[in-house]
Amino acid sequence: MSTVIPVILCGGSGTRLWPLSRAGFPKQFLCLTGNNSLFQQATLRLSALATPGTNTQPPLVVCNEEHRFLAQEQLRETGLANARFLLEPLGRNTAPALTLAALAAMQDGTDPVLVVTPADQTITDEDAFKTALQTAIAQAQAGHIAILGVTPDRPETGYGYIRTESPSPSNNALPVQQFVEKPDLPTAQSYLAQGGYFWNAGMFVLKASVWLKALSHFRPDIASACQAAWAAQASDGPFVRPGKDLFAAVPSESVDYAVMERCPGQAEFPICMVPLAAGWNDLGAWDAVWSALPKDGHGNALVGDVISTGSHNNLVHASGRLVALVGVSNLVVVETADAVLVSSQERSQDVKLIVAELNKSQREEHNLHRKVHRPWGWYDSIDQGGRFKVKRILVNPKASLSLQKHHHRAEHWIVVSGTAEITNGEQVLLLSENQSTYIPLGAVHRLVNPGNIPLEIVEVQSGSYLGEDDIVRLQDTYGRAPATH
């Protein structure tokens, strides 16, 4: 029986899907199609690979340190709570990420097949996807590198292509002749006319040892740097952290540039492509989201509270307020609590330029939503002025905030629902609905939900400085730094 380990590459910031996607809550954690996030969809797809002849292990999730609790909570919601999380202290692209996964997979002395996928794609035909992956797994068991190539249905200029030796996908696995970069439109049209060209979906299947051997052959600098960082790892429950300073020294490179594009023609590293016709979409920009969503009779994809009259072929995503369209076409309109995007569909790829400007101006809208998720629940900053800020705070059952104090602000807490256990200096209070308390400036305090239902409070802060970095953590259940938001 062969052992298969799904590997979910969960990095990336999804800047072209701003304002829904933010650095602190990126694209892969959004529910853009269906009821699950893209990350949840990817994990559920791969968990369905188990067959009588396959021992499918819990997934390895490679993600940013900052997103660890978000990823863990989303997996808990799907019932897949036994994943291991390999935490990158900073992004180093997909080649180092896969190397961490391969080293983790071989840590027990086995050499499993790795089924590797990005966390931010959609598939509409699950059966076709599973069939293609089973073919790829069989190739990987024979020592090959198997990459999934999407059968193109249009001359797409936003994807890299894979060229095979056959103009049609008549075989289950086709030898790869060449990887080609994103083409211009005439070149993409010629690829479609010739046949034998497939979109590179960034999904591949291979043994862990094959990846490490190929990386050591083509990019020994990346291989040795990753091994050094892995040797300095530290574990905290399901979280595994490579050595931070050593990982920072790893060269940043993609899987394709580091290894895949060098394999064609190399007998030592046979590479094949398995055709995939399963309704694949990488949702790379808002125009791709429009194409993946159901439409009304006028070609509009409408999500949320939207009224449209005399308008055609628009994408509208309303998060909280009514959005009304009158007599417009081919627009992208995305509304969130703190930002509204309006773009032509043709320029939707350029949303990343807005994010770059926000980053340059050090505006918080590039990083976080108004509603911010934390390992204990979430808070929503609903109003603020010169010396005050008002938040809604929800604490999950049995969860607690850190024991902390503030140098520059006092806080008033009002319990809206649930039960709050509050440490306030030397006092420990138990408050229920409609009761309140006051936390003086500098007082050591903690908020705990001892109950079995969510606790919701309203917090009113007042003081000379109300930034999220005015926190001195004295004890923390989640291993966060002593002074960080």
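All values reported here derive from a predicted model rather than from experimental measurement.
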Residues [X], [Y]: salt bridge by 4.0 Å N-O rule:
{"X": "Lys130", "Y": "Asp125", "answer": "no"}
{"X": "Lys391", "Y": "Glu468", "answer": "yes"}
{"X": "Asp383", "Y": "Lys389", "answer": "no"}
{"X": "Arg347", "Y": "Asp350", "answer": "yes"}

Aromatic ring proximity, centroids under 6.0 angstrom, Tyr257 and Phe218: no

Is it true that, when you exclude Asn82 itself, more than 12 heavy atoms of the residues, nucleotides or ligands shown sit nearer than 6.0 Å to its CG? yes

Can you tell me if NZ on Lys295 sees more than 12 non-hydrogen neighbours from other groups inside 6.0 Å? yes

Where does the angle between the aromatic ring planes of [X] and [Y] fall among parallel (under 30°), tilted (30 to 60°) and perpendicular (over 60°)?
{"X": "Tyr438", "Y": "His412", "result": "tilted"}
{"X": "Phe25", "Y": "His373", "result": "tilted"}
{"X": "His408", "Y": "Tyr465", "result": "perpendicular"}
{"X": "Trp376", "Y": "Tyr379", "result": "parallel"}

Apply the salt bridge (Lys or Arg N to Asp or Glu O under 4.0 Å) test between Asp338 and each candidate in Arg370, Lys371, Arg22; give the one that qualifies. Arg22

Approximate separation, where rounding is to 0.5 Å, of [X] [atom1] and [Y] [atom2]:
{"X": "Glu459", "Y": "Ile439", "atom1": "CD", "atom2": "CD1", "value": "9.0 Å"}
{"X": "Leu44", "Y": "Ile123", "atom1": "CG", "atom2": "CD1", "value": "13.5 Å"}
{"X": "Ile457", "Y": "Glu411", "atom1": "CD1", "atom2": "CD", "value": "8.0 Å"}

Apply salt bridge (Lys or Arg N to Asp or Glu O under 4.0 Å) to residues Lys27 and Asp120 and explain how you reach the verdict. CA-CA 7 Å; Lys27 162 188 170 184; Asp120 56 359; 3.4 Å; yes

Between Gln57 and Asn55, is a side chain to side chain donor-acceptor pair (under 3.5 Å) present by the stated rule, with each step listed? CA-CA 6 Å; Gln57 295 291 305; Asn55 174 26; 3.0 Å; yes

As a quick check of understanding, evaluate ring pair (Phe, Tyr, Trp, His ring centres under 6.0 Å) for His317 and Trp290, giving each step before the final call. CA-CA 10 Å; His317 196 294; Trp290 173 84; over 10 Å; no

Can you find a side-chain donor-acceptor pair between Ser402 and Arg473 that sits under 3.5 Å? yes

Which pair of heavy atoms, one from Pro251 and one from Pro96, lies closest together, and at what distance? O-CG, 3.5 Å

Assess whether side-chain contact (heavy atoms from CB on, under 4.5 Å) is satisfied between Phe247 and Leu90, documenting all intermediate values. CA-CA 8 Å; Phe247 192 77; Leu90 67 171; 4.0 Å; yes

